[in-house]
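Before any comments, here is the structure.
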Amino acid sequence: MLRWPLWQCGLRPFFLAGAAVAALYVPAWLAVLGGRLRAPAFPGGVTAWHAHELILGFGLASVIGFSLTAVPEFTSARGFGRRISLGLFALWLGARAAAAAIVLIGVWPLALLQTALCLWLLLVLTRAIWQDPARRQLDLWAALAAVLLAATLCSLDLAIGGVLFADPLAGLRLILHLMLPLIVLKLARISMRVVNRCLEEAGAEPDYLARPPRRHIAALLIVLHALAVLAGAQGVAGWLGLGAGAASLGLLGDWPHTRVLARRWVALLYTLPWLLGLGYLLDGAARLGASIPPSAGLHVLAVGALGQGVFVVFCIAGRMHIGLSPDEGRWLPLAALMLLGAALVRALAGMAGLHALPLWWCAGFLWSSGFALWLWRGGVDLARRRGDGAWGCVGPRAPE
């Protein structure tokens, strides 16, 4: 099994599994809402099950695949062995099976599997990042540690009956908000590489620089907002949400506002600060008394910013680290527009209330179709051998 191409790079199994969860779990959730499937007996109800599997199924799988590949690249450390990828994936998959069978086996197997997964990954990443003499990725370590520790606490809280969090959704919302700084901090590296290459191809000076102060301020405000929400300080969370939204939109000041923004890869990356900004502005306004449901901003962040950010990583890092250049197919902007449309439609559905089930179905169809399209066009490459003869997670081999 260890010789299969699927295990030669950490992102391969987790990106495939994360996209599969994104494509399958939302239709299952909508089928439950429509009375076509029986609701699972999950602590906190069907909404908690839906959020749990999308955040700790889809979201966590994406974070694990990204970190197993990015940490060695960013720190110049040795790549993680195939046994580590296989072991972590077995824990993740076991947790998904335990969540599906929770009515039969109880909640403890799910809690223990997810706790073991998060703590083992944290140990592996900590060793790699702290062995770097220059300590160049301490912000990445802090962001990943926050996500993994929050996921551990949320998992244990399910088993001990809600002692740590007021309800299961509170812990899951915390994990979501702690995942978003990863988009701010680390997708900037991908953005600079893509945008500057496009500027060079257009004959312009490749001078795009994602400035650290702006990124760090936006990430800090997002984390403070998450903590204020967890503490139940609605007013403070509202103002911090507005601040996080403004800081996220402030990231756009670093971008070159030229024709290069029309390039498909640049345009795709350019949507992320807008989605973060819109989501946090809506969230902050709702908490300060505006006639906006809190779910509107939350779904712009979860469906839009997180979904689009993960999709970008799948499309760019997911191909580069299996030896392929970025896909220029026409399916790419279509899938990206599906995810963007899903975020906006889902936000509108929240404003319309529970009677807007057709809008929920529309948003779910767009979201699932976007990731299903990626699985069809790009995901299959992750299970194949590299065509350049290289091994592991290295980028495309230069032609001789």
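The figures here come from the full heavy-atom set of this structure, side chains too, leaving out hydrogens, waters and symmetry mates. Keep in mind it's a predicted model, so treat the numbers as computed, not measured.
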Can you check ring pair (Phe, Tyr, Trp, His ring centres under 6.0 Å) on Y25 and W29, steps first, answer last? CA-CA 6 Å; Y25 263 86; W29 150 250; over 10 Å; no

Before giving the answer on side-chain contact (heavy atoms from CB on, under 4.5 Å), spell out for W108 and I160 the whole-Å C-alpha distance, their side-chain angles and the decisive distance to 0.1 Å. CA-CA 9 Å; W108 272 104; I160 61 180; 4.3 Å; yes

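Checking S368, C362, S369 one by one against F365, the side chain to side chain contact (heavy atoms under 4.5 Å, CB included) holds for a single residue, S369.
Of all non-hydrogen atoms in P256 and L261, the two that sit nearest each other are O-CG, 3.6 Å. Closest of all the heavy-atom pairs between A95 and L110 is O-CD1, 3.3 Å. Considering every non-hydrogen atom in both E53 and A99, the closest pair reads OE2-CB, 3.4 Å. Shortest non-hydrogen contact noted between P206 and N196 is C-OD1, 3.2 Å. Residues A51 and L172 approach most closely at CB-CD1, 3.8 Å, considering heavy atoms. The nearest pair of heavy atoms linking A349 to W360 is CB-CD1, 3.0 Å.
Counting only residues at least two apart or in different chains, ring-ring contact (aromatic ring centres under 6.0 Å, His included) contacts with residues 276-300 comprise H177-Y280, H225-Y280. Identified under the side chain to side chain donor-acceptor pair (under 3.5 Å) test for residues 227-239, with sequence neighbours left out: Q234-R287.
Between atom SG of residue C154 and atom CD1 of residue I175 there is a gap of 4.0 Å, rounded to the nearest 0.5 Å. Here the CG atom belonging to L251 is positioned 10.5 Å from the CG atom belonging to L272, to the nearest 0.5 angstrom. Summarising the geometry, atom CZ belonging to R173 is positioned 7.0 Å from atom CG belonging to L298; distances are rounded to the nearest 0.5 Å. Taking OG from S191 and CD1 from I316, the interatomic distance works out to 7.5 Å, rounded to the nearest 0.5 Å.
With sequence neighbours excluded, the residues that form a salt bridge (Lys or Arg N to Asp or Glu O under 4.0 Å) with R384 are D381. With sequence neighbours excluded, the residues forming a disulfide bond (SG atoms under 2.5 Å apart) with C9 are C393, listed by chain and number. Legend: residues meeting side-chain contact (heavy atoms from CB on, under 4.5 Å) with L122, ordered by chain and number and at least two apart, are T126, W141, A145, L148, L149.
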Exercise answer: donor-acceptor pairs, residues 215-223 side-chain atoms, under 3.5 Å, sequence neighbours excluded:
residue	atom	partner	partner atom	Å
R215	NE	A210	O	3.2
R215	NH1	L185	O	3.0
R215	NH2	A210	O	3.3
H216	ND1	P212	O	3.4

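Linking Ile, Leu, Val, Met, Phe, Trp and Tyr residues whenever their side-chain heavy atoms come within less than 4.5 Å leaves L240 and V184 in two separate clusters.
More than 12 heavy atoms of other shown residues, nucleotides or ligands fall within 6.0 angstrom of atom CH2 in W120. More than 12 non-hydrogen atoms from other residues, nucleotides or ligands lie less than 6.0 angstrom from OH of Y270.
A distance-only check finds a donor-acceptor pair linking the side chain of R12 to the backbone of L382 [under 3.5 Å]. With hydrogens and angles ignored, the 3.5 Å screen pairs a side-chain donor or acceptor of D254 with a backbone N or O of R211.
Side-chain contact check for V26 versus F371: every heavy-atom pair is 4.5 Å or farther apart. Between L121 and V63 there is no side-chain heavy-atom pair separated by less than 4.5 Å.
Taking the six-membered ring where the residue is Trp, F311 and W331 present perpendicular rings, their angle passing 60° and hence far from 30°. Ring geometry, F314 versus W374: the interplanar angle falls from 30° to 60°, so the pair is classed tilted.
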